[in-house]
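Per chain, numbering begins at 1; letters A, B, ... match sequence-line order. Note that this is a predicted model, so its numbers are computed, not measured.
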2 protein chains.
Amino acid sequence: MTTRKSVSKRPTLSAQDEYRADVAAYVAAGGDELVQRVITAVHGLAHKLDQWYARQLADLDLSAGEWAVLSRLARSNEDEALTPSQLAEATSVAPSSMTHRLDRMAERDLIARATDPDNRTRVLITLTDEGWATFKAAVRESDMVESDVLGPLSSRQRENLASLLEVLIAGLDEAPQV
Amino acid sequence: MTTRKSVSKRPTLSAQDEYRADVAAYVAAGGDELVQRVITAVHGLAHKLDQWYARQLADLDLSAGEWAVLSRLARSNEDEALTPSQLAEATSVAPSSMTHRLDRMAERDLIARATDPDNRTRVLITLTDEGWATFKAAVRESDMVESDVLGPLSSRQRENLASLLEVLIAGLDEAPQV
DNA sequence: ATCGAATACTTCGACTTCGAAATAATAGCA
DNA sequence: TGCTATTATTTCGAAGTCGAAGTATTCGAT
């Protein structure tokens, strides 16, 4: 009985093993080790979180793109209304795609369209009560997952991590066009 | 001269301002502040990096998805060949999408398809020399951008940041199905 | 006041992705 | 060996996204 090439073995690497293999490959190809550890970890985390969000948003019948619109509107509904173009820019999508996305969201009464009285070329988008409720529900659900992810860190470590990341965020504005 | 409703003002918020506004909105909606600071920063960084990658990859005529395939193959070409399904899983895409993606990549001689001699149901994908060269070129380009992003941190801080993130990565395997 | 350029959104055609059904080959069991 | 269940990939139709062209409104110069 020879073992006949164990091709069917596929143990599904753990997130940690995936991470290590990725870093190794990037370093082997000429990347700096410390840089690759940080960047690969950031991507791995973001990606994993995105997968979880997608599952939770599906419960609320929202796509990631729709969530992005809700989220962007939620953080500036009172003071300033946003136009479709601004939403497209903010959520990294083409203006034409935003038109359709807003169509669907208006159909479901999550947002409302109104032409700007001061400039009738413009359309102003606002969150409806329904939209607000959906936003808050999503945040509360997500916060639970996110708290779990940060579970292994103490309060002090979280503070430390947040500070380091915020330094990088601040630095993003330095050299905008790379 | 009245100021007549400054609607046309759109100063394009800095990455830092965007970050702060997002955190504020999530906290207002019921999220934990420290958690939201970390998570929002991770997402913001990943998103910004993705934008830069997209620009660089465009130079090499690669989509983000094609890069994902190249990258996954590059880190395990010697020991194990991968099937389309495994690549689909690894890059978070439907198997049917992978079929088309591999079609295009094979057309450009970045990858090669070969039926597994041990199980003719399977197709094994490998990187061609051209594929390898493209992978390495992309890594070297990306590493420059990434180094810039980490510029504001000292070596010691980078090490600290990497360690904290790696704790979180390790924790992802604990509670897989949320 | 009016013409032309600029701005903002939408419509259109092409392409990518998805999920489900179809196709092909293997593995296990009688 | 022959039959059935399983595994793996591809094909197909529906939906989302993109860039470009189209439409409507405003702004500025004459």
Side-chain angles (χ1 to χ4, degrees), chain A residues 1-12 50-51 54-55 57-58 61-69 80-108 111-126, chain B residues 4-10 12 50-51 54-55 57-58 61-69 80-108 111-126:
Chain A
M1 272 313 161
T2 66
T3 10
R4 185 137 180 68
K5 269 188 182 170
S6 58
V7 174
S8 42
K9 238 25 191 166
R10 197 187 2 152
T12 313
D50 282 343
Q51 289 182 322
R55 246 183 288 175
L57 291 176
D61 241 310
L62 287 177
S63 71
E66 288 163 344
W67 160 251
V69 171
E80 45 158 2
L82 294 175
T83 68
S85 304
Q86 291 172 313
L87 285 169
E89 166 73 21
T91 66
S92 298
V93 92
S96 57
S97 303
M98 188 52 64
T99 297
H100 298 310
R101 191 180 289 174
L102 293 175
D103 284 348
R104 290 189 298 276
M105 294 180 75
E107 191 107 6
R108 289 178 53 193
I111 57 107
R113 256 188 262 238
T115 60
D116 184 341
D118 286 345
N119 179 344
R120 299 216 312 285
T121 299
R122 280 195 188 135
V123 174
L124 298 179
I125 310 294
T126 52
Chain B
R4 182 139 179 73
K5 266 189 180 171
S6 58
V7 174
S8 41
K9 238 29 194 161
R10 200 189 354 156
T12 312
D50 282 344
Q51 289 181 322
R55 248 183 287 176
L57 292 176
D61 241 308
L62 286 177
S63 70
E66 288 164 343
W67 160 251
V69 170
E80 43 160 1
L82 293 176
T83 68
S85 304
Q86 291 172 313
L87 285 169
E89 166 75 19
T91 66
S92 299
V93 91
S96 57
S97 303
M98 189 52 65
T99 297
H100 297 310
R101 191 179 289 175
L102 293 175
D103 284 348
R104 289 190 299 276
M105 295 180 75
E107 192 106 5
R108 290 178 53 193
I111 56 107
R113 256 189 260 236
T115 59
D116 183 341
D118 286 344
N119 179 345
R120 299 215 314 284
T121 298
R122 280 193 189 137
V123 175
L124 297 179
I125 311 294
T126 53

From CD1 of I125(A) across to P of dA8(C) the rounded distance in Å is 14 Å

From CZ of R122(A) across to C1' of dA6(C) the rounded distance in Å is 12 Å

Quick one: does R108(A)'s side chain have a donor or acceptor within less than 3.5 Å of a partner on D61(A)'s backbone?
yes

Compare every heavy atom of L57(B) with every heavy atom of A64(B), then report the nearest pair and how far apart it is.
CA-CD1, 4.2 Å

Over all heavy atoms of both residues, which pair between I125(B) and T83(B) is shortest? Give the atoms and the distance, please.
CG1-C, 4.5 Å

dT10(C), OP1 or OP2 - any side-chain N/O from T99(A) closer than 4.0 Å?
yes

Any R120(B) side-chain nitrogen or oxygen under 4.0 Å from OP1 or OP2 of dT26(C)
yes

For nucleotides 2-4 of chain D, list the nitrogen or oxygen atoms of the protein found under 3.5 Å from its nitrogen or oxygen atoms, one pair per line.
none

To the nearest Å, how far apart are L82(B) CG and dA8(D) C1'?
14 Å

Any non-hydrogen side-chain atom of M105(A) less than 4.5 Å from a side-chain atom of V69(A)?
yes

Is R104(A) salt-bridged to E66(A), going by a charged N under 4.0 Å from an acidic O?
yes

Checking dA8(D), dT25(D), dT10(C) against the side chain of R113(A) (C-beta onward), the nearest is dT10(C)

Nearest atoms (heavy-atom pairs only) where L102(B) meets R113(B)
C-NH2, 3.5 Å

Contact letters for nucleotides 15-20 of chain C, in which S counts primed atoms plus P, OP1 and OP2 and B counts the base, heavy atoms under 4.0 Å:
-SBBBB

Of all heavy-atom pairs linking M98(B) and T91(B), the shortest is CE-OG1, 3.4 Å

D103(A) CG to dA15(D) C1', in whole Å, measures 14 Å

Got a salt bridge between R55(B) and D50(B), using NZ or NE/NH1/NH2 to carboxylate O under 4.0 Å?
no

Look up atom CZ in R101(B) and atom CG in L87(B), then write down how far apart they are to the nearest 0.5 Å.
9.5 Å

Measure from CG on L102(B) to P on dT11(D) and round the result to the nearest Å.
12 Å

